[in-house]
Enquirer: 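Handing you a structure now.
Remember, it's 1-based here, ligands and their atoms both numbered in the order they're listed. Just so you know, residue 1 is the first one in the sequence shown, and it goes up from there.
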Amino acid sequence: MFGEVISFIKDKFGTNDFIPLHAPVFAGNERAYVMDTLDSTFVSSVGAYVEQAEIMMAEICQTQRAVAVVNGTSGLQIAMQLAGVKLGDEVLTQALTFVATANAIQYIGAEAVFLDVDCDTMGLSAKAVAEFLEEFGEKRENGTHNKKTGKKIAACIPMHTFGFPVHLDALMAICTEWNIPLIEDAAESLGSYYRGKHTGSFGQLGVISFNGNKIVTCGGGGMIVTQNEELGKLGKHLTTTAKVPHPYEYVHDQVGYNFRMPNLNAALICAQLEQLEAFLANKRVLANEYAVFFESQGIKFRTELEDTQANYWLMCVELENLEERNAFLKATNEAKTMTRPIWQLMYRLPMYKHCYRDAQKNAEFLEERIVNIPSSVRQ
Ligand SMILES: *Cc1c(COP(=O)(O)O)cnc(C)c1O
């Protein structure tokens with residue numbers, strides 16, 4: 001079974017060796033920039049590449065500010081703090097996500113509320129959020145509260161699954177109506193656009209990841225993006241130990257974090273970002289070829305929705321049911337063609353079992369059917 005799928009993928013990657021899901025490509029100025037940091041000795045918390053990476057990201061995302069951080073998870077944590085999320089608050093998000101989204105909420109001491117996703121985007125459903133708020137939301141002077149738990153609903157964090165943008169217009173309208181800050185977990189969606197605007201730039205804050213398996217990488221790293229200059233400034237301050245500028249004294253005006261991106265990693269991401277457009281075009285070619293092929297096989301291949309441009313970070317197919325999914329995973333992995341199911345829903349994990357969740361009809365449907373297939377940039 002799935003012999004034709006396996007041959008097609010092997011042919012696309014021109015090899016019979018193991019084909020990973022997503023391998024990084026270092027084909028540009030990576031070596032030159034990294035060597036430059038070594039030659040200058042500025043490998044750590046000071047150096048020109050950090051600022052350069054922030055300028056490049058603000059330009060790509062068309063935001064007022066971009067703040068480089070040590071990884072996407074820390075970026076989410078700080079974004080929540082900037083948005084005013086506090087100990088004991090509730091944060092609305094999806095259960096169909098990578099664990100980092102839920103972990104970051106936990107680091108703040110807030111509680112995740114898992115709401116369903118839309119089947120078409122695989123991201124947080126505006127309808128699910130609206131229904132939850134109509135049932136439990138209570139508008140108070142200092143923001144919306146959950147009238148059942150008494151807790152403040154302090155943020156809403158949709159995630160753009162595999163780089164497919166959520167329905168941002170609808171989500172933003174609901175968050176505005178209920179006065180709830182929107183933070184986009186755009187960790188997977190660098191290079192993805194919704195109605196011509198970059199994902200991550202719609203919410204009060206957005207967070208992008210440069211982990212090793214993302215569309216561009218610097219080993220580990222992330223970026224907080226925002227249209228709010230003040231929040232950007234404060235984000236930079238908080239992630240760099242809250243140090244007040246002084247020629248030699250140690251002055252810190254609040255509890256800050258050492259979440260800064262080292263210059264060594266920033267050098268790498270600058271070189272990677274220079275190639276982003278080429279990577280996006282390269283992946284789009286593969287996505288188009290997959291779309292035609294899977295159509296011929298009667299297998300659903302996920303393509304971008306109207307009004308959006310997906311980055312095709314991790315491409316995926318939707319199998320008919322759990323049995324077919326399992327057969328697909330087994331056949332492809334045995335043939336050294338890596339495929340992987342979408343994440344287990346967060347409330348299946350021991351530490352998030354107790355969290356509130358709605359019916360999760362779509363999330364559970366997708367959990368049983370979505371499988372990622374090899375999606376690397378081809379050289
Ligand atoms: C990768 C990822 C993160 C976290 O990024 P790191 O840089 O690995 O910390 C957060 N959310 C989602 C959805 C991700 O895929």
Enquirer: Identify whether NZ of Lys or CZ of Arg in K197 sits under 6.0 Å from the centre of the six-membered ring of F202 and within 45° of that ring's axis.
Expert: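 Yes, a cation-pi geometry holds between K197 and F202.
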
Enquirer: For Y352 and H354, I'd like to know if the aromatic rings sit close, meaning centre-to-centre distance below 6.0 Å.
Expert: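 No, the ring of Y352 stays outside the 6.0 Å limit from the ring of H354, centre to centre.
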
Enquirer: Given the rule that I, L, V, M, F, W and Y join up when any side-chain heavy atoms are under 4.5 Å apart, are F114 and V91 in one cluster?
Expert: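 The answer is no; the residues belong to distinct hydrophobic clusters.
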
Enquirer: By the definition salt bridge (charged side-chain N to carboxylate O under 4.0 Å, His left out), identify the one residue from R357, R369, R348 that meets it with E364.
Expert: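 The passing option is R348.
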
Enquirer: Which protein N or O atoms sit under 3.5 Å from any N or O of ligand 1? Give atom names and distances.
Expert:
residue	atom	partner	partner atom	Å
ligand 1	5 (O)	S209	OG	3.2
ligand 1	7 (O)	G72	N	2.7
ligand 1	7 (O)	S209	OG	2.7
ligand 1	9 (O)	G72	N	3.3
ligand 1	9 (O)	T73	N	2.9
ligand 1	9 (O)	T73	OG1	2.5
ligand 1	11 (N)	D185	OD1	3.3
ligand 1	11 (N)	D185	OD2	2.9
ligand 1	15 (O)	E188	OE2	2.5
ligand 1	15 (O)	K214	NZ	3.2

Enquirer: Does K243 NZ have over 12 foreign heavy atoms under 6.0 Å away?
Expert: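 Atom NZ in K243 is packed in, count exceeds 12.
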
Enquirer: Please report whether the ring centroid of F164 lies less than 6.0 Å from that of Y312.
Expert: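 Under 6.0 Å, so yes.
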
